[in-house]
Amino acid sequence: MRDNYDLLVIGGGPGGAVAARTAATAGYSVLLVEKRPAIGAPVRCAEGIGKEALAEFIKPDERWISAEVSQAELVAPDGVSMKIGSELAGSKVGYILDRKFFDRELVWQAAEAGADVRVKTRASAPIMADGVVKGAVLDVCGSKKKVHADLTIAADGVESKFSRWCGIDTTIPVREIMSSAQYLMTDIDVDPITTVFYFGTKIAPEGYLWIFPKGERTANVGIGISGKKSGPGHRAKDYLDRFVSDKFPNGKTIECVVGGVSVCRPLDTTVMDGLMIIGDAARVVDPMTGGGIFNAMFTGRLAVQVGTKALAEGSCTKEALLPYDKQWRESPMGRTIARNWHIKEKFITLSDAKLNAVIHSAKALDLKDFSVFSLVKEIIKRNPLLLADLAGLMTKIG
Ligand SMILES: Cc1cc2nc3c(=O)[nH]c(=O)nc-3n(C[C@H](O)[C@H](O)[C@H](O)COP(=O)(O)OP(=O)(O)OC[C@H]3O[C@@H](n4cnc5c(N)ncnc54)[C@H](O)[C@@H]3O)c2cc1C
């Protein structure tokens, strides 16, 4: 590890790995640091990603794909379910990854392209000079080391602290942190090509429960509920345990993870002098689905494309880095996040009876004919009682 690099990337998840790979491939010196002892573990993810989204960044490989899924099933609070085929189910249809190996593959690719990589190396403070980020102080197995960089990329995930230490407000309101728990279960009856989502206040208040198959008789079974609904006896894990004992009484849990997912709006700013923020650290998770793997890779690549241009021009000021902030907000990803935040805010207010009405109506439609906007309109037409709930939403997503 040197004392100086062109770029320093903090965090070895998909966002940081793609950022480091992009920078190294373009010929810049880059160091990626990961505080955990191993890339990719523990996995805090249901591991679903759309096929096209993935292929934009890496050639699919069976070594890190657990399952291929081609439809999604939505289950209403009253148990009525509807299936959505691959042409409509979007990012939830595609692959279920094995992120232990997927994350490692991305980091290996970064290393092969020339990036330096250090695990068990935690960024513990920024190096600042006159308000400009100039690298980080690293904790390397108990000792401290200063690494200077012309550009630092905060890819440190949902629990990100680095940008806050640099002076950026990264607070997430408690109600917009999904409190999550997930079991990797085996010896259970699952449809290996279908992801399943359960809704309802008794199952997952202000959230949903998922079953993502990972091959025959194995699946990620997880839940996310609003942080404000979590408390003793009704934490995410309590809801999950109740569901699992009812649905999979003989299943075996071979891994258990808990974690948070932000479903808030993205940070107000994702750049400052010498610093760019990407992925979960920038809060660019889809607020409806909680999906963020693609968004992390997308922002990782875009940040480096803009950042290296600024480096080549000799100055990584906030102004020079701002095109990154503007471009991801104006991209389809940014626009989807903005739209889905409004939809999420509305849907968490719906009672079980109204959620039932929405799913019953959607089940009766040929969804191929509808955009999100026209679908909401059609649902209102079929359920005039939902007008008061959904009319305001139309003006925001139209
Ligand atoms: C239960 C659950 C289910 C999910 N399911 C899905 C899904 O099915 N599909 C999907 O697309 N998304 C899903 N997500 C979201 C997805 O996991 C994240 O959006 C994605 O991992 C974001 O990538 P990232 O690179 O931004 O951050 P991360 O993958 O979180 O990586 C950040 C890395 O930074 C490291 N780090 C943190 N601080 C420091 C520091 N100071 N120094 C050095 N390293 C540091 C961390 O250890 C971590 O490895 C889920 C999340 C959860 C919690």
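Note that these values count all heavy atoms, side chains included, but never hydrogens, waters or copies made by symmetry. Predicted model only: the values in this text are computed from it and were never measured. Atoms within each ligand, like the ligands themselves, are counted from 1 in listed order.
- In Ala155, the part holding a heavy atom less than 4.0 Å from any atom of ligand 1 is the backbone.
- Classified by interplanar angle (parallel below 30°, tilted 30° to 60°, perpendicular above 60°), the ring pair Trp165/Phe162 is perpendicular.
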Set out, in order, the CA-CA distance, both residues' side-chain angles and the distance that settles ring-ring contact (aromatic ring centres under 6.0 Å, His included) for Phe57 and Phe298, then state yes or no. CA-CA 8 Å; Phe57 291 94; Phe298 179 81; 7.2 Å; no
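- For Phe102 and Trp64, the gap between ring centers is short of 6.0 Å.
- Taking a cut-off of under 4.0 Å to the non-hydrogen atoms of Val261, the atoms of ligand 1 that pass are 51 (C), 52 (C), 53 (C).
- Ligand 1 has no atom lying under 4.0 Å from any heavy atom of Ile49.
- Of all the heavy atoms of Phe162, none lies under 4.0 Å from any atom of ligand 1, so neither backbone nor side chain is involved.
- Between Tyr198 and Tyr208, a ring centre-to-centre spacing not shorter than 6.0 Å is recorded.
- In this view, Val174 satisfies the side-chain contact (heavy atoms from CB on, under 4.5 Å) rule with no residue, not counting sequence neighbours.
- Of all the atoms in ligand 1, the ones that sit under 4.0 Å from a non-hydrogen atom of Gly279 are 26 (O).
- Across Met178, Arg99, Arg118, heavy-atom proximity to atom 16 (C) of ligand 1 is greatest for Arg99.
- By the criterion of a heavy-atom distance under 4.0 Å, both the backbone and the side chain of Ala46 are placed next to ligand 1.
- The closest approach between a heavy atom of Arg44 and any atom of ligand 1 is below 4.0 Å.
- Per-residue contacts place Gly15 under 4.0 angstrom from the following atoms of ligand 1 (heavy atoms of the residue considered): 25 (O).
- Relative to the six-membered ring of Tyr239, Arg242 meets both conditions, a distance below 6.0 Å and an angle of at most 45° to the axis.
- The closest approach between any non-hydrogen atom of Thr121 and ligand 1 is below 4.0 Å.
- With Tyr5 as the aromatic partner, Arg2 meets the cation-pi criteria of under 6.0 angstrom to the ring centre and within 45 degrees of the ring axis.
- Applying the side-chain hydrogen bond (donor to acceptor under 3.5 Å, both in side chains) rule to pairs touching residues 269-279 yields Thr270-Asp325, Thr270-Trp328, sequence neighbours excluded.
- Within the structure, the closest approach of Gly300 to ligand 1 does not fall below 4.0 Å when heavy atoms are considered.
- Across the listed options Gly290, Ala17, Ala296, Ala282, Ala296 owns the non-hydrogen atom lying nearest to atom 24 (P) of ligand 1.
- Near Gly48, meaning under 4.0 Å from one of its heavy atoms, ligand 1 places the atoms 7 (C), 8 (O), 9 (N), 10 (C), 11 (O).
- In this structure, Tyr183 has its ring center no closer than 6.0 Å to that of Phe243.
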